[in-house]
Amino acid sequence: MYKVSLKNILTGKEERAIDLTLIPSVGDTLQLRQPDRFFLVHGVTHIIEPDSIHFEIFVESIDRTYWMNEI
């Protein structure tokens, strides 16, 4: 599992900290449940520190219609 911080690319605010089994690529869409939210991935930063490895994923909040149109 990877420790990931989802950061809103427009506001710089952290949307959520989660654990993921794989790291998404730029252009991928993430769907989080509770509440149902969709995010478009704009960038991924790999942060390596002496005692940990984690990622910052820069996302844009999108709605379900946008997501469905991309399929």
Evaluate the side chain to side chain contact (heavy atoms under 4.5 Å, CB included) criterion for residues Val41 and Leu30: first the C-alpha distance (whole Å), next the side-chain angles of each, then the deciding distance (0.1 Å), finally the verdict.
-> CA-CA 7 Å; Val41 176; Leu30 300 175; 4.0 Å; yes

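- A continuous path of hydrophobic side-chain contacts links Leu20 to Val44 [ILVMFWY only; heavy atoms under 4.5 Å].
- Side-chain contact between Thr21 and Met1 is present, with at least one heavy-atom pair separated by less than 4.5 Å.
- Taken to the nearest 0.5 Å, the NE2 atom of His42 stands 9.0 Å off from the CG atom of Asn8.
- In this structure, OG on Ser61 lies 9.5 Å from CG on Leu32, to the nearest 0.5 angstrom.
- The CG atom of Asp19 lies 4.5 Å from the NZ atom of Lys3; values are rounded to the nearest 0.5 Å.
- Residues Val26 and Ile23 do not share a hydrophobic cluster, defined by chaining ILVMFWY side chains whose heavy atoms lie under 4.5 Å apart.
- In this structure a side-chain-to-backbone donor-acceptor pair under 3.5 Å is missing from Asp36 to Arg33.
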Could you walk me through whether Glu15 and Phe39 pass the side chain to side chain contact (heavy atoms under 4.5 Å, CB included) test, one step at a time?
-> CA-CA 10 Å; Glu15 294 285 344; Phe39 296 99; 3.9 Å; yes

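- Partners of Glu14 by salt bridge (charged side-chain N to carboxylate O under 4.0 Å, His left out), not counting sequence neighbours: none found.
- Aromatic ring orientation, His46 versus Phe55: parallel (interplanar angle below 30°, classes split at 30° and 60°).
- A side chain to side chain contact (heavy atoms under 4.5 Å, CB included) with Pro24 is found for exactly one of Val4, Ile57, Leu40, namely Ile57.
- With rounding to the nearest 0.5 angstrom, the CG atom of Asp63 is 11.5 Å from the CZ atom of Arg37.
- Rounded to the nearest 0.5 angstrom, Ser5 OG and Ile47 CD1 are separated by 7.0 Å.
- Here Leu6 contributes atom CG and Lys13 contributes atom NZ; the two are 12.0 Å apart, rounded to the nearest 0.5 Å.
- You'll find the side chain of Val59 stays beyond 4.5 Å of the side chain of Ile9, heavy atoms only.
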